[in-house]
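Before any comments, here is the structure.
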Amino acid sequence: MRETEKRAREAYVEQFGGEPEVVASAPGRINLIGEHTDYNEGFVLPCAIDRRIAIAAARNGGEMLYSADFDRSRPLHLEDDSWAKYPRGVAWALREAGHEADSFQAALAGDVPRASGLSSSAAVEAATALALDWLFGSGLDKKTLARICQRAENEYVGVASGIMDQYASLLGEAGSALLIDCRSLEAESVPLDLEGVGLSLIVCDTRVERGLADTGYNDRRAACERAAETLGVEALRDATEADLDRLSGEELRRARHVVTENARVLRAAESLRGKDFEVFGHLMYASHESMRDDYEISTPELDAFVETAKANGAPGARLTGAGFGGCAIALMPSGNTETLAEACRLAFADLGFGEPEFYEFVPAAGAEVVG
Ligand code: GLA
């Protein structure tokens, strides 16, 4: 068992007495490339990271949820705006889909940084879905569970996100990125052997509150839908570069990002297969520019990190996740990550930005039942 899984199990025993019937866990994610393409039925290339949320659960009991990280208990059957809405939402979505998920108690513990755009909420959902599927013997596959988690997020929590985060958390594989076709929902592992080529993925958490994230996210979605309508296509996935001539203003900028980003994802997956990290890195920078100029979801802090990475010899860098704050990533020669972190701290201080935080993650396994 991993540390987080042991913590969840111990928290269960302490809170509820007796042993849990199941322990499961699921990872957070970073997205290597393919931003805001999932809800346009396009392509994404995320990977699961070695930070997880674990859940220890059993049927019946006092119908309570306990978070070891917050040291708080919340009733299972109640509605409030706390961390408990994620496991509750998954139980709700399972029941809505006709599966049993009514009476259980659970303890959660994790180490995915929260509110940073690393999908800690998708990790809670994925771990809960897997544990409940096991507890109640529903026998659902991971793709079905991912869609149930997305429904929980969209309809219970009320965030209009795409499928990427839940897919990455449930279906990610160690040492790999996951190429997802968000229309057919086919997913394919693509080897991501960074160590073998002497590279590391450094993550800069700008610690900028993603305050406008929900409004900005919904605005972007709506603009994409309008652009698709103008073009007479089902989703921007179906638009081509030539189609862009028929758009103008905001619709043009948003659609141009989506159309070019989809193409970049496919080329990025190809370059990963060929271990061509130079091409991969160029695609990351191009993706960032497209998000900065056309999709307009970057911030001065995210831009400063990407520029500092470039100035320090990073083969590629870009913001990752929804944007409007949160994290950016860079590929860096493994020996030079601390140099980049230090240069970035200095740049942020010079610019009057708050102090960023840095992480290094490795591509890790998706959700698992471990005990
Ligand atoms: C958030 C959403 C995802 C995806 C990204 C942007 O992480 O949850 O579905 O849309 O933003 O790529």
Side-chain angles (χ1 to χ4, degrees), residues 26-49 85-86 89-90 112-126 143 146-172 177-183 185 187 203 205-206 208 210-225 235-237 254-255 257-262 264-265 268 283-284 287-288 290-292 294-299 302 318-329:
R29 64 99 189 90
I30 50 172
N31 189 17
L32 297 174
I33 194 160
E35 226 62 80
H36 291 264
T37 43
D38 60 354
Y39 53 80
N40 288 297
E41 299 186 16
F43 301 97
V44 292
L45 190 61
C47 77
I49 57 176
K85 66 187 170 192
Y86 299 102
V90 170
V112 184
R114 276 188 297 268
S116 301
L118 297 170
S119 289
S120 59
S121 57
V124 173
E125 290 160 359
K143 288 185 178 177
R147 296 174 75 172
I148 282 173
C149 292
Q150 189 197 11
R151 180 160 183 203
E153 182 90 33
N154 293 169
E155 294 178 36
Y156 188 91
V157 178
V159 178
S161 59
I163 191 76
M164 169 169 73
D165 307 340
Q166 291 79 12
Y167 246 61
S169 185
L170 274 150
L171 293 150
L178 195 68
L179 174 63
I180 309 167
D181 177 333
C182 301
R183 170 168 280 168
L185 296 180
V203 178
D205 183 351
T206 61
V208 175
R210 300 186 312 130
L212 281 176
D214 285 357
T215 337
Y217 191 89
N218 292 339
D219 285 353
R220 297 303 181 279
R221 274 194 86 137
C224 289
E225 279 160 26
L236 284 183
R237 150 75 172 265
R254 305 300 185 246
H257 166 70
V258 174
V259 170
T260 57
E261 185 81 345
N262 276 329
R264 280 187 290 270
V265 174
L283 292 164
M284 290 174 78
S287 169
H288 185 79
S290 177
M291 290 189 282
R292 184 192 61 202
D294 276 343
Y295 222 65
E296 298 175 278
I297 53 170
S298 192
T299 64
L302 291 163
R318 62 188 286 281
L319 80 79
T320 184
F324 306 101
C327 290
I329 53 174

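Bear in mind that the values here come from a model prediction, so they are computed numbers and not experimental data. Counting starts at 1 for both ligands and their atoms, in listed order.
For Phe43, there are no ring pair (Phe, Tyr, Trp, His ring centres under 6.0 Å) partners, not counting sequence neighbours. Scored by the side chain to side chain donor-acceptor pair (under 3.5 Å) test, Ser287 finds Glu261, Arg318 as partners (sequence neighbours excluded). By the side chain to side chain donor-acceptor pair (under 3.5 Å) test, Asp181 pairs with Ser184, Arg237, sequence neighbours left out.
Ring planes of Tyr217 and Tyr39: perpendicular class, angle over 60° (limits at 30 and 60°).
At a 4.0 Å heavy-atom cut-off, the residues surrounding ligand 1 are Arg29, Glu35, His36, Asp38, Tyr39, Ser161, Gly162, Met164, Asp165, Tyr217, Gly321, Ala322, listed by chain and number.
More than 12 heavy atoms of other residues, nucleotides or ligands sit less than 6.0 Å from atom CZ of Arg292.
The minimum heavy-atom distance between Pro46 and Arg29, with the atom names listed, is CB-CD, 4.2 Å.
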